[in-house]
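Just so you know, these numbers come straight off a predicted model, no measurement behind them. These numbers come from the heavy atoms of this one structure, side chains and all, not from hydrogens, waters or symmetry mates.
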Amino acid sequence: MTLSWRRLRRGRRASKELRLGEPADVEMELTIPNHFRCPISLDLMKDPVTLSTGITYDRQSIETWIEAGNLTCPITNQALTCLEPIPNHTIRKMIQDWCVQKKSFGIERIPTPRIPITSLQVSEILSRITTAAASHGQKQDDCRDLVRKIKALTKESQRNKRCVVASGTGSVLAAAFAALSSSQSQNVAVLEEILSALTLVFPLDGEACSYLGSAASLHCMVWFLESGDLSHRRNAALVLKETLSSDHQKIDALLEIEGALEALVKLIKEPVCPTSTKASLVVMYHMVNNNFMSSLSKDKIKERLVEMGLVSLLSEILVDAERSICEKALGVLDGLCGSKGGREKAYHHALTMPVVVKKILRVSDLATDFSVSILWKLCKNEGREDGGVLVEVLQVGAFQKLLLLLQLGCAERTKDKATELLKVLNIHRERLECIDSMDFKALKRPF
């Protein structure tokens with residue numbers, strides 16, 4: 001097999017060719033030695049590696065083969081005793097020398113690849129991190145340097161990241177974080193590094209979440225949410241979201257920490273980045289929709305969030321929020337509207353009704369479900385005799401949107417709520433002309 005390169009003759013060689021009557025722009029054919037080719041891709045190998053069967057392949061090709069679930073050598077069909085290929089430095093050096101020799105044909109020398117980390121090397125680093133963390137801060141600098149090394153290796157390549165994650169790095173880092181959190185003030189620097197490293201190895205397994213769900217770990221994360229700089233607040237929010245998920249026991253433990261709710265609301269009121277805003281909304285969603293919590297406790301949490309102005313914040317965010325934030329904000333608002341205080345705030349905020357109606361059939365099926373649920377709770381529990389809320393919902397075009405929703409189809413629970421809303425709204429429909437839509441272009445957030 002041959003490869004062709006076009007090259008432009010320059011200088012003395014060009015003039016010589018012109019004297020001989022040859023064209024200056026010629027097509028050259030160059031044959032690549034077979035042992036320089038990858039048996040899978042048939043291309044020149046850039047990072048030759050050898051398997052336990054003795055056959056050499058290009059690293060990217062053979063790793064793709066193994067990741068597809070193949071546990072045999074493509075050439076010999078023998079079972080692989082080790083899935084970690086060994087770099088073939090001899091072949092790589094020969095290929096580089098050959099590239100240098102063929103430089104005149106326009107071939108560039110293949111750079112020496114960085115050798116990926118092995119699971120054994122990762123295990124050694126993690127063992128040292130565990131030992132350093134167990135010293136209760138006496139080896140804080142060593143622990144921080146080791147965590148930084150893990151971070152650097154993880155960022156270096158996707159292959160390294162897979163190896164780091166598969167080696168149980170999340171659990172080791174979480175255990176170190178829990179151990180050092182007991183002396184938080186003395187270990188701030190290394191705790192910051194561990195939080196940052198944890199965000200690189202998501203998703204965390206159950207063991208890691210168990211360590212991070214300890215009282216000391218949760219207190220430490222809340223402290224970073226309250227007083228850390230922007231990057232540390234973001235990392236704390238992401239790890240907290242990953243830790244809590246829907247574990248009601250960890251959520252209960254978090255709620256007992258003074259300042260936890262205030263710190264989460266602050267991330268929405270003074271956003272650091274979209275990622276941290278989403279994380280904060282997810283944590284609050286699990287709080288207000290925790291089915292394992294008693295109704296009294298859940299209502300207290302909702303009332304606290306309402307008193308912090310969360311209903312107003314969410315209504316204003318929804319005006320121009322991107323899809324993911326919109327879904328999460330509607331989910332939290334739906335939970336808050338399950339309380340009397342939340343509904344009162346929603347009734348008195350001018351944006352709530354129009355912006356919720358506007359999100360029906362505009363964002364996603366999930367956002368539509370939440371929007372219909374919010375309207376259903378507000379209209380069902382209205383105590384005003386004049387039906388003011390129902391009239392307002394009609395004015396912003398809810399009747400038409402609900403009819404269209406039933407025609408297009410939706411989840412059964414949403415369909416039942418939409419049907420019930422239409423029956424209630426139809427009573428007041430003759431009192432005014434419905435407005436199809438509202439323009440939000442000129443609306444500005446007050447923060």
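At a threshold of 4.5 Å between non-hydrogen side-chain atoms, the residues Leu71 and Leu80 do not count as touching. In this structure, Glu262 and Val265 have side chains that are not in contact, with every pair of non-hydrogen atoms separated by 4.5 Å or more. Between Ser276 and Arg233, every side-chain heavy-atom pair lies at or beyond the 4.5 Å cut-off. Counting only heavy atoms from C-beta outward, the side chains of Leu305 and Val311 never approach each other to under 4.5 Å. Taking 4.5 Å as the limit, every side-chain heavy atom of Lys149 sits out of range of all side-chain heavy atoms of Asp145. Counting heavy atoms from C-beta on, the side chains of Val49 and Asp58 never come closer than 4.5 Å. Side-chain contact between Met221 and Thr243: present, with at least one pair of heavy atoms (C-beta onward) separated by less than 4.5 Å. Taking the side chain as every heavy atom from C-beta outward, His286 and Lys241 never approach each other to under 4.5 Å.
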Practice problem: List the steps and the verdict of side chain to side chain contact (heavy atoms under 4.5 Å, CB included) for Leu314 and Thr352. | Solution: CA-CA 9 Å; Leu314 295 176; Thr352 304; over 6 Å; no

Quiz prompt | Worked check of side chain to side chain contact (heavy atoms under 4.5 Å, CB included) between Lys46 and Arg92 | solution = CA-CA 7 Å; Lys46 297 180 180 179; Arg92 190 254 307 156; over 6 Å; no

Exercise. List the steps and the verdict of side chain to side chain contact (heavy atoms under 4.5 Å, CB included) for Ile194 and Leu198.
Key: CA-CA 6 Å; Ile194 293 175; Leu198 281 169; 4.0 Å; yes

Exercise. Report the C-alpha separation of Asp142 and Arg128 in whole Å, then their side-chain angles, then the decisive distance to 0.1 Å, and conclude whether the side chain to side chain contact (heavy atoms under 4.5 Å, CB included) test is met.
Key: CA-CA 9 Å; Asp142 292 344; Arg128 293 169 62 189; over 6 Å; no

Exercise. Apply the test side-chain hydrogen bond (donor to acceptor under 3.5 Å, both in side chains) to residues Ser181 and Gln184: give CA-CA distance (whole Å), side-chain angles for both, the deciding distance (0.1 Å), then the verdict.
Key: CA-CA 5 Å; Ser181 293; Gln184 173 186 309; over 6 Å; no

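For the pair Val372 and Ala418, the tightest heavy-atom approach, listed with the atom from each and the gap, is CG1-N, 4.0 Å. The two atoms that bring Phe224 and Val188 nearest to each other are CZ-O, 4.1 Å, heavy atoms only. Of all non-hydrogen atoms in Ile117 and Arg159, the two that sit nearest each other are O-NH1, 2.6 Å. For Leu51 against Pro74, the heavy-atom pair with the smallest separation is CD1-CD, 4.4 Å. Here the closest heavy-atom approach between residue Leu267 and residue Thr277 is recorded as O-OG1, 3.9 Å. When every heavy atom of Leu394 is checked against every heavy atom of Leu425, the shortest pair comes out as CD1-O, 3.6 Å.
Judged by distance alone, the side chain of Ser217 and the main-chain N or O of Tyr211 form a donor-acceptor pair under 3.5 Å. Side chain of Thr76 to backbone of Gln78: a donor-acceptor contact under 3.5 angstrom is found. Side chain of Glu392 to main chain of Met353: no donor-acceptor pair is present (N/O by atom type, distance under 3.5 Å, no hydrogens or angles). Checking side-chain atoms of Ser280 against main-chain N and O of Leu264 turns up a donor-acceptor pair under 3.5 Å. Not a single donor-acceptor pair under 3.5 Å links the side chain of Arg343 to the backbone N or O of Cys379. Side chain of Ser127 to main chain of Ser123: no donor-acceptor pair is present (N/O by atom type, distance under 3.5 Å, no hydrogens or angles). Without hydrogens or angle criteria, Glu63 side chain to Gln60 main chain gives no donor-acceptor distance under 3.5 Å. The main-chain N or O of Leu422 is never found under 3.5 Å from a side-chain atom of Asn426 such that the two would form a donor-acceptor pair. Side-chain atoms of Thr130 come within 3.5 Å of backbone N or O of Leu126 as a donor-acceptor pair. Gln140 places a side-chain N or O within 3.5 Å of a backbone atom of Gln186 that can act as its donor or acceptor partner.
Salt bridge annotation for Arg144-Asp141: present, with a cationic side-chain nitrogen under 4.0 angstrom from a carboxylate oxygen. Salt bridge Arg323/Glu327: present, at least one basic N to carboxylate O contact under 4.0 Å. Glu322 and Lys278 are joined by a salt bridge, as a carboxylate oxygen and a charged side-chain nitrogen come within less than 4.0 angstrom of each other. One finds a salt bridge joining Asp334 and Lys377 here, because a Lys/Arg side-chain nitrogen approaches an Asp/Glu carboxylate oxygen to under 4.0 Å.
With 3.5 Å as the limit, one finds a donor-acceptor pair spanning the side chains of Glu84 and Ser119. Residues Ser373 and Lys417 bring a donor and an acceptor atom of their side chains to less than 3.5 Å of each other. For the residue pair Ser324/Lys328, the side-chain donor-acceptor check at 3.5 Å is satisfied. No side-chain N or O of Thr368 forms a donor-acceptor pair with one of Ser371 less than 3.5 Å apart. Neither side chain, Asn235 nor His232, offers a donor N or O lying under 3.5 Å from an acceptor on the other. When only modelled atom types and interatomic distance are considered, Thr414 and Asp369 share a side-chain donor-acceptor pair under 3.5 Å. Under 3.5 Å, the side chains of Thr56 and Thr50 contain a donor-acceptor pair of N or O atoms.
Ring pair Tyr285/Phe370 is perpendicular by interplanar angle, where above 60° counts as perpendicular and below 30° as parallel.
Note that CD of Glu242 and CG of Leu204 are 4.5 Å apart. Values are rounded to the nearest 0.5 Å. Summarising the geometry, atom CD belonging to Gln121 is positioned 10.5 Å from atom OG belonging to Ser167; distances are rounded to the nearest 0.5 Å. Atom CE of Met284 sits about 8.5 Å away from atom CG of Leu261, to the nearest 0.5 Å. Rounded to the nearest 0.5 angstrom, Leu173 CG and Cys143 SG are separated by 8.5 Å. Rounded to the nearest 0.5 Å, atoms CD1 (Ile62) and CG (Asp47) are 12.5 Å apart. Expressed to the nearest 0.5 Å, how far CD1 of Ile150 lies from CG of Leu146 amounts to 8.0 Å.
Heavy atoms from other residues, nucleotides or ligands lying under 6.0 Å from CG of Leu404 number more than 12. Atom NZ of Lys250 is surrounded by more than 12 heavy atoms from other residues, nucleotides or ligands within 6.0 Å. Within a 6.0 Å sphere centred on CG of Asn70, other residues, nucleotides and ligands contribute more than 12 heavy atoms.
Each of Leu310, Ile374, Ile301 was evaluated against Leu336; a single residue qualifies, Leu310, per the side-chain contact (heavy atoms from CB on, under 4.5 Å) test.
Not counting sequence neighbours, the partners of Arg162 by the salt bridge (Lys or Arg N to Asp or Glu O under 4.0 Å) test are Glu67.
Among residues at least two apart or in separate chains, salt bridge (charged side-chain N to carboxylate O under 4.0 Å, His left out) pairs with a member in residues 192-219 are Arg148-Glu193, Lys151-Glu193.
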